[in-house]
Colleague: 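For reference, the structure I am asking about is given below.
Heads up: numbering here begins at 1 and tracks the sequence. Indexing begins at 1, ligand by ligand and atom by atom, following the structure's order.
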Amino acid sequence: MTMPSIKRVLLKLSGEVLMGDQPFGIDSAFVADLAQEVKAAKDTGLEICLVIGGGNIFRGMAGAAAGMDRAQADYMGMLATVMNALAMQNALEQIGVHTRVQSAVQMDQVCEPVIRRRAERHLEKGRIVIFAAGVGSPYFTTDSGAALRAAEMKCDALLKGTSVDGVYDDDPKKNPTAKRFETVSYDRVLADNLKVMDASAVALCRDNGIPIVVFSIREKGNLARVLAGRGVQTIVRKEA
Ligand code: UDP
């Protein structure tokens, strides 16, 4: 499988991967392992933007299902993504990787606001930029935030690190004969409602020609393998 030629990448990690084997929250040891994976990718010379979800702490939909106002619950979800961004920043800086967090919800005491030109400068200086709080508006997700930042920062690909090793034609946990795609088109993902990212994120990637690489971040060394074209993954792109 040939990977797209990649110099700058946006890596999206769902909040769930930060909780390791715990049922909730942040597993520091697991975040430290993830930071090593990210460092290894960076050491190959890549420029890296990171977006981390918040599902390990709070999801707006869950709050709404429990009777909360949806927008209010979504703001809580956005704050959860900032906590995760700070946890990842801490883990990366402990192993000598310079980072900056930029949040779409301004909180000056904790991190920078999202400023594209400043983010460019950070990348030029070899820092990793962690974009927090998604797009900064309720009714969106960090997948949309990831697609937006990938477009804005002109990333060559959006890498979605999750707990499954790609995109399947059915739920592999329920159907043992489900087949993993090597490549699949944006349009098929949207038409068949395949579980990759939410539709607005997929459409944004499609409209800006950004390939989405879905892979498992739970296996050690997998990020580097995927980037070297030796990993197990699914690539979502124009022509499958
Ligand atoms: N969220 C939001 N707007 C955004 C990004 C996130 O309202 O632009 C909220 C939303 O409630 C979401 C929560 O933050 O459920 C956590 O993000 P997400 O569900 O994308 O996290 P992940 O599933 O990747 O862990």
Colleague: May I ask you to check whether Asp143 has an N/O atom sitting below 3.5 Å from an N/O atom of ligand 1?
Modeller: no

Colleague: Test: salt bridge (charged side-chain N to carboxylate O under 4.0 Å, His left out). Region: residues 69-78. Which pairs qualify, not counting sequence neighbours?
Modeller: Arg70-Asp74

Colleague: Side chain, backbone, both or neither: which applies to Ser144 and ligand 1 if a contact is any heavy-atom pair less than 4.0 Å apart?
Modeller: neither

Colleague: Below the 3.5 angstrom mark, is there an N/O of Ala73, backbone or side chain, next to an N/O of ligand 1?
Modeller: no

Colleague: For atom 9 (C) of ligand 1, which candidate among Asp74, Thr142, Val17 provides the closest heavy atom?
Modeller: Asp74

Colleague: Are Val9 and Ile130 linked, directly or through intermediate hydrophobic residues, by side-chain heavy-atom contacts shorter than 4.5 Å (ILVMFWY only)?
Modeller: yes

Colleague: I need the atoms of ligand 1 closer than 4.0 Å to a non-hydrogen atom of Gly53, numbered in the order shown.
Modeller: 21 (O), 22 (P), 24 (O), 25 (O)

Colleague: Considering the heavy atoms of Gly136, write down every atom of ligand 1 situated less than 4.0 Å from one of them.
Modeller: 8 (O)

Colleague: Check contact between Ala80 and ligand 1, using heavy atoms of the residue and a distance below 4.0 angstrom.
Modeller: no

Colleague: Does some non-hydrogen atom of Phe58 fall short of 4.0 Å from ligand 1?
Modeller: yes

Colleague: Is a salt bridge present between Glu93 and Arg127, judged by a nitrogen-to-oxygen distance below 4.0 Å?
Modeller: no

Colleague: Could you tell me whether Phe140 and ligand 1 have an N or O pair separated by under 3.5 Å?
Modeller: yes

Colleague: Checking Glu37 against Lys42 for the salt bridge (Lys or Arg N to Asp or Glu O under 4.0 Å) test, could you report, in this order, the C-alpha distance in whole Å, the side-chain angles of both residues, the deciding distance, and whether it holds?
Modeller: CA-CA 9 Å; Glu37 297 273 311; Lys42 187 180 178 303; over 6 Å; no

Colleague: Can you sort out which atoms of ligand 1 are near Gly15, meaning under 4.0 Å from one of its heavy atoms?
Modeller: 22 (P), 24 (O), 25 (O)

Colleague: So for ligand 1, is Thr81 a polar contact partner (N or O within less than 3.5 Å, distance only)?
Modeller: no

Colleague: Is there a polar contact, in the sense of an N or O pair closer than 3.5 Å, between Gly55 and ligand 1?
Modeller: yes

Colleague: Numbering the atoms of ligand 1 from 1, which are under 4.0 Å from a heavy atom of Ser137?
Modeller: 2 (C), 3 (N), 4 (C), 7 (O), 8 (O)

Colleague: With clusters built from Ile, Leu, Val, Met, Phe, Trp and Tyr whose side-chain heavy atoms come within less than 4.5 Å, directly or transitively, what are the remaining members of the cluster of Tyr168, listed by chain and number?
Modeller: none

Colleague: At a 4.0 Å threshold, what atoms of ligand 1 neighbour a non-hydrogen atom of Pro138?
Modeller: 7 (O)

Colleague: Could you see which bit of Lys12 sits under 4.0 Å from ligand 1, with heavy atoms only: side chain, backbone, both or neither?
Modeller: side chain

Colleague: Should Val135 be counted as touching ligand 1, given the test is an N or O pair under 3.5 Å?
Modeller: yes

Colleague: Show the atoms of ligand 1 that are less than 4.0 angstrom away from any heavy atom in Met78.
Modeller: 1 (N), 2 (C), 3 (N), 6 (C), 7 (O), 9 (C), 14 (O)

Colleague: Show the atoms of ligand 1 that are less than 4.0 angstrom away from any heavy atom in Gly134.
Modeller: 4 (C), 5 (C), 8 (O)

